[in-house]
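Here is the structure we will look at.
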Amino acid sequence: MKNILKTIAFAAVIATGAVSTSCEDMMTVDTGDKAYKNAQDTLYSYRGIMRAMQDVAERQVILGEIRGDLVASTQYTTDTLYAISNFDDPKDGTCSMLQIRDYYNIINNCNFYIHYADTNKVKSNIKFMLPEYAQVKTIRAWAYLQLVKNYKEVPYITKPIDKLSVVDNFDYAHDVVNKDNLIDKILADGLENFVDMRYPQHGGSNSEAFGTLDNGAVQISNKLIMIPVRIVLGDLYLLRGATTSDYTKAAQYYYEYLKREATPLPQQYYAYLGSIGGIIDQGDFEALGLVTPTKWGRWAGTYTNNTSNEIISAIPSSANAGYGKMLTRVAEIFGYKPSSSQRTTDSSSTESNAENDDQSSGAVSVSRTNKRQYAPSNAYQDVVNQQTYIRMRVINSSSGEIETTPVENCDARYYGSVESYTFANAQGIDEAYPLCSKAAHGATFYYTIPTYRKTLIWLRMAEAINRAGYPEFAFAILKDGINKYTLPTISKEYIDKFEDEFGYQMYTHKTEENNFIYQDPTSKAFFEKDGEGGFVECSLSADEIEANYVVYQDTIGKLNYNDEMAMYYVTDSVRLKAFNSMLDFSGDTWNNTYGIHARGVGMGNLTSSKNIVTNIAGKYDRTYYDYDRLLDLQLGSTAAPQLQDSINAVENIIVDELALETAFEGNRFTDLVRVAEHKNASGFNGTEWLAKKIANRGTKAATSKVAGVDGYDANLYAKLKDQRNWYFTVPKK
């Protein structure tokens, strides 16, 4: 490990000299202690740290995807990248993708800032450096999080390194971090104290005026280069996952962030989608024999990386070298050829300031090529083919009558993640080549690389909620969205009849949701809903009801009714209370959220009463995306599963949803490792699960449209059975 520290220390010593680059570089900074001892211009210092972040931005995406199951190498893959994606134990420093020193360069920049920043400085009665100080601590925690994900265990350094003597004094026995102790180190460092700290204002005078970065082509909000403290803390607890408490705390941090800052998937999102084109292209619908729905939008538009509609935080790229570092490598390996233009105009200034005479700008354009190094894998297409897209058309708006058309083997998000273009192959025959298009969809280059986006946080919260013991709630986030109108039942372990506040005892069917029967406490007669908000006497006998229905009990004594006494949901309030506030979706904040899966399989009816967003995958689709059905598919049985079986099954469903929603964004392999570790800890063979999943990335099941492909890789399976191969090797001393 001393090689790491010698490299870092040497870089720091060099950095203490005055380093100058183009004055137009949007991330220019002197990166030594001089910059931080004199850090009056906090924006200048912070952007220097972001410049260091640019050095790891693309490898986060590339390393996270090429080791996973959603992309596959091609004949054009370089030897170094192939060695990484084939788990051939490539050594750190052997290629630009494996440079642990770059992560420590971020950390060392942060260490200098934290060490020298005077957080007691006051301006207008405000300690104005605290918001940025909090961000720098958050970035340092984020950098360590990435190191642990990729290298498993690494040195933990919090003091600035400006001389080589640190190498001789480093405590290798104790000062290392891994997934089990990193959260404790970060908490001891005090990051939790800043969860409510506002973002620093790098422009403007109010809380929303964060200022912008000019990258030569677009203006990027400074808000996008901030990382929310709660999200990093949630990730740290989710990564450890040692106890139910860890999952609960992770879910709580995600929940609080979404509640306070950025609740995604609101009803208004429908209007946003409608403003940017078709969720499935016109030609795709015509090929399916369907009419393009009006006011639907291309899902890929949510990944427009220099906006805050969906993106929470991101690392910016420049339009040309004159403005700073250009991040084009991701687009290149996925099949796009970038080129940068530069435009120079004379400002004709009357002042004799030569530096202001010219202003430059530019743009990055991309063209498609068949020489992509990585392409969508068969396994990714297999996940897509397991979905059924539901096309809805309103026939009668006054009555609400609709027509639905299922489209097998289809998820609309595929069209926002993959482009297929025809090129002549070596024999001169036209051949279609699918391209991973998240970095340059529609030949449009995106100028940031996201670190977090809103739907990803929803999915991580679902993962944490599920592991904490609430698979029904986790699945509800995927299927229907979650609010006071759609809360699921969270427990089916009831033993007694329950008399509610109206005097009725309530029963529900074992297999059909919302099929409730009530017993009048006086007459003892049974009643069932008549479908119109009222009740009719039930024809079943008491014995038949006892034999075929199970009682749902709310141990607090409150059942939730609408005005007609038709039940929306039943909850076990004791379990809710024990799980703190993170399952409280009863507030109006959550009313307009809808299911994540609906983004890919159909929007649903957005005109239903009481602001309930009804998904096609929810109300109108009991066949394709149903909790019990999907559990049966996962478990291979219709028998009532144990809680841990349900948790494991829902976790697999979440992993598939992550594939559909976040493919090619850089999270896949570390997501699989985290889930595999959690399965191992809960008594399931996560190592076997991960090894099979990646060894089968070349496999695709047969569908009604395409033949199956058997691409199982036994050698890859054998490598991944050894968990040491899940991580890169830290350079040894």
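Residue numbers count from 1 along this sequence. Excluded from the calculations below are hydrogen atoms, water molecules and symmetry mates; all remaining heavy atoms, backbone and side chain alike, are included. Remember, it's a predicted structure, so these values are computed and weren't measured experimentally.
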Distance-only donor-acceptor check, side chains [X] and [Y], under 3.5 Å:
| X | Y | result |
| --- | --- | --- |
| Tyr113 | Glu132 | yes |
| Asn109 | Asn105 | yes |
| Asn680 | Thr687 | yes |

Trace of the side chain to side chain donor-acceptor pair (under 3.5 Å) decision for Tyr254 with Arg460: CA-CA 8 Å; Tyr254 295 140; Arg460 288 192 178 166; 5.0 Å; no
Side chain to side chain contact (heavy atoms under 4.5 Å, CB included) evaluation trace for Tyr727 with Asn150: CA-CA 5 Å; Tyr727 302 95; Asn150 285 306; over 6 Å; no
One thing to verify: whether [Y] and [X] come together as a salt bridge, which I'm taking to mean a side-chain N less than 4.0 angstrom from a carboxylate O.
| X | Y | result |
| --- | --- | --- |
| Arg668 | Glu65 | no |
| Arg59 | Asp55 | no |
| Arg101 | Asp92 | no |
| Asp671 | Arg674 | yes |

Counterpart residues, side-chain contact (heavy atoms from CB on, under 4.5 Å), relative to [X] (two or more places apart):
| X | value |
| --- | --- |
| Ala691 | Tyr717, Leu720, Lys721 |
| Lys679 | Arg467, Asn648, Glu651, Asn652, Val675, Phe684, Trp689 |
| Lys91 | Asp89, Thr94 |
| Asn715 | Asp713 |

Candidates Leu147, Val154, Thr158 - the one meeting side chain to side chain contact (heavy atoms under 4.5 Å, CB included) with Ile107: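 Of the listed options, the one satisfying the test is Leu147.
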Residue pair Thr328 / Val364: nearest heavy atoms and the distance that separates them: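 Closest heavy-atom pair between Thr328 and Val364: CG2-CG1, 4.5 Å.
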Centroid-centroid distance, Phe334 to Tyr336, less than 6.0 Å: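 Not under 6.0 Å, so no.
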Distance flag, aromatic centroids of Phe87 and Phe669, threshold under 6.0 Å: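 Aromatic pair counts; centres sit under 6.0 Å.
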Residues, nucleotides or ligands: over 12 heavy atoms within 6.0 Å of Lys185 NZ: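 More than 12 heavy atoms, drawn from other residues, nucleotides or ligands, come within 6.0 Å of this atom.
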In the structure I gave you, are the side-chain heavy atoms of [X] and [Y] within less than 4.5 Å of one another anywhere?
| X | Y | answer |
| --- | --- | --- |
| Tyr374 | Ser85 | yes |
| Thr80 | Met97 | no |
| Asn108 | Ile157 | no |

Qualifying salt bridge (charged side-chain N to carboxylate O under 4.0 Å, His left out) pairs, either residue in residues 327-336, two or more places apart: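 Qualifying pairs: none.
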Audit row: Ile694, Leu716, side chain to side chain contact (heavy atoms under 4.5 Å, CB included) steps and yes/no: CA-CA 8 Å; Ile694 297 178; Leu716 195 55; 3.9 Å; yes
Tyr421/Tyr433 under ring-ring contact (aromatic ring centres under 6.0 Å, His included): CA gap, chis, key distance, verdict: CA-CA 5 Å; Tyr421 278 82; Tyr433 289 80; over 10 Å; no
side-chain hydrogen bond (donor to acceptor under 3.5 Å, both in side chains) partners for Tyr144, two or more places apart: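 Here no residue qualifies.
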